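Down below is the structure, laid out as structure tokens.
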Amino acid sequence: MSGSLWLPPGARPDTFPAIPKQRTTPSWAGPDPVDELAARLDDFVAAAVHPDEIAALLESDGLSDDQIRERYGVKNSFALAEELYERVGRRHPEPETPPHDPWRVGLLSCLLRGALFALPGFAYVLAAAAPLPLLAGALTGWAWNQGLAHRAYTWLGLGDGRAARRSLLLGAPTGVVLGAVVALLVSGAADEAAAFAAGQAVYMGASTILLVLSRERALLCALLPMAAGAILTLLHPVPDAARLTLLLGSLLAVTALAAREVTREGNARQGRGELRDQPAPARRQPTARGPRLSGSFPYAVFGLATGTLVLHAALADNLTAVILTLSMGPAEWLLYRLRSTALTALRSSTTPTAFRRTTTHTLLKYLTAYLLTLLMALTTGISAAPLLLLGAVLWTALLLQSFGAILTTTAICSMAALAQTLASLTHCCSPYWITLTVYATTATTQAAVACALLGKATAHR
């Protein structure tokens, strides 16, 4: 871990500055020799986070305890180190160049991803089908593709783009079959709803490939004709043949783009940076041992749990789900800003308490900013309380997921989804107040866990 919170930059034994040789001077004659030594070692002592670092420097210069007692009037190197540590205030050197911040990302790219999450909703305008098979297929797809995306991203993080593409090539069709079968079982017949659910499964698998491989612009171009046709349908009746053509055209375009990307040779882009233009020595060698399949299972359950919560909100009010989907772009950008701000606090904080205070304030600030974004998107007739509370649940869940606390947030969201489902099935008490209670409890719990996690410097590796 870099930064001034725990270890001063460059504080290695082989880079310690040499202690100037001094004449043997009685402690009662002339200036205080400890003050003189503190002045000579000012920069190093000011950057030390513990007296033992100073003691290591003293011992590396060959000063014995006898010499220290004679020159400085203290019993050993540790006592002298403590004396120097007390006389010099804490001060940490600034880096010569601005430190690298991997969490800087443009707002426009995040808004583009948010729009991509919302654009597929226009397909439901063009095709009127029974909702239950679609919901069952969507939940299956959310769970499967969340786990698939995690596995592909893990391969990319290991520097093996070919393995990432291979996992997508095998996993996406499996998810399509699984989603289509679930929708068919729920529908009970191979009708229009089952056919549309199968197309929905194909789209979810193909779009997962494009999003993982950072092909957002290509996906946007493939979806725009369908979205334009849906808007036209809202304004003027459109023949069924034209609707079907728009749906199949966009679906075929997305599928073709995904097939092209997943079958390309060479390494995939890692994260948001290009590797293909780097010289061969700069590329990391593919790993012989890949990530475990079980490591992606919590992410699949996480997708199922959060998807269930959103679907309950959609059944109560369709606009709530639309607003939440559109808000995923700003939510992602705010998460990046939080990670960037926390990294800056890690370098500038001088005590663990100050760092915890800063990260807690930062978390609350960006969570408030996200809720204000949702509040500005409210329209007449939508209840603000469920939207804001569910937004807090989703945002804190994504925050915990980004810090690797996937088991914690999966358990919390799963319990919330189960409670919401049981309340809807049993119709006990007032569904509205049960919903608010579930959302408020979940959001508060996750926010508390996030504050505790972000306050640890080791969480920001």
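In this chain, numbering begins with 1 at the start of the sequence shown. Just so it is clear, the structure is predicted and the values come from calculations on it, not from any experiment.
Put simply, the side chain of Val449 does not reach to within 4.5 Å of the side chain of Thr396, judged on heavy atoms. Taking the side chain as every heavy atom from C-beta outward, Thr358 and Thr362 approach each other to under 4.5 Å. Using a 4.5 Å heavy-atom threshold, the side chains of Leu400 and Phe403 count as separate. Side-chain atoms of Thr368 and Lys365, non-hydrogen and from C-beta on, never get closer than 4.5 Å to each other. Considering only heavy atoms from C-beta on, Ile209 stays 4.5 Å or farther from Arg165 through its side chain. Residues Leu139 and Val182 fail the side-chain proximity criterion, which asks for heavy atoms closer than 4.5 Å. Within the 4.5 Å cutoff, no side-chain heavy atoms of Leu220 are placed close to those of Arg217. Under the 4.5 Å side-chain criterion, counting only non-hydrogen atoms from C-beta, Tyr203 is not in contact with Thr255.
To the nearest 0.5 angstrom, Leu334 atom CG is 11.5 Å from Leu363 atom CG. Atom CG of Leu374 is separated from atom CG of Leu389 by 10.5 Å, given to the nearest 0.5 angstrom. With rounding to the nearest 0.5 Å, the separation of NE2 in His150 from CG in Asn145 is 14.5 Å. For the atom pair Tyr153 OH and Ser296 OG, the distance stands at 13.0 Å (nearest 0.5 Å). The CG atom of Leu158 sits 6.5 Å away from atom CH2 of Trp155, with the distance rounded to the nearest 0.5 Å. Atom CG of Leu454 sits about 7.5 Å away from atom CZ of Arg339, to the nearest 0.5 Å.
Side-chain contact check for Thr308 and Gln420: no donor-acceptor pair (N or O, by modelled atom type) lies under 3.5 Å. Between the side chains of His312 and Thr435, no donor-acceptor pair is found at a separation under 3.5 Å.
In this structure, Asp160 contributes its side chain and Ala163 its backbone to a donor-acceptor pair below 3.5 Å. In terms of modelled atom types and a separation under 3.5 Å, the side chain of Thr360 and the main chain of Arg357 share no donor-acceptor contact. For the pair Arg151 (side chain) and Gln146 (backbone), a donor-acceptor distance under 3.5 Å is absent. No donor-acceptor pair under 3.5 Å is formed between the side chain of Ser187 and the backbone N or O of Leu184. Checked by atom type and distance alone, the side chain of Ser250 never pairs as donor or acceptor with a backbone atom of Leu247 at under 3.5 Å.
The only option from Thr441, Thr408, Thr409 that meets the side chain to side chain donor-acceptor pair (under 3.5 Å) definition with Gln446 turns out to be Thr409.
Nearest heavy-atom pair across Ala457 and Leu346 is CB-CD1, 3.7 Å. A pairwise comparison of heavy atoms in Val176 and Ala201 identifies CG2-O, 3.4 Å as the closest pair. The shortest heavy-atom contact between Gly171 and Trp144 is O-NE1, 2.9 Å. Looking at every heavy atom in both residues, Leu453 comes nearest to Ala459 through O-CB, 3.4 Å. The heavy-atom pair separating Ala313 from Thr320 by the smallest distance is CB-CG2, 4.0 Å. For Tyr370 against Gly391, the heavy-atom pair with the smallest separation is CE2-O, 3.3 Å.
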What do the steps show when you test Tyr366 against Thr341 for side-chain contact (heavy atoms from CB on, under 4.5 Å), and what is the final call? CA-CA 10 Å; Tyr366 285 114; Thr341 305; 3.2 Å; yes
Test side-chain contact (heavy atoms from CB on, under 4.5 Å) on Leu248 and Leu244 and set out the steps. CA-CA 6 Å; Leu248 292 179; Leu244 183 61; 3.9 Å; yes
Passes side-chain contact (heavy atoms from CB on, under 4.5 Å), Cys451 versus Thr359? Steps please. CA-CA 7 Å; Cys451 286; Thr359 53; over 6 Å; no
Assess whether side-chain contact (heavy atoms from CB on, under 4.5 Å) is satisfied between Thr410 and Phe297, documenting all intermediate values. CA-CA 10 Å; Thr410 297; Phe297 180 74; over 6 Å; no
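In the displayed structure, Lys456 atom NZ is contacted under 6.0 Å by at most 12 heavy atoms of other residues, nucleotides or ligands.
With sequence neighbours excluded, the residues forming a side-chain contact (heavy atoms from CB on, under 4.5 Å) with Thr306 are Phe302, Leu394, Cys413, listed by chain and number.
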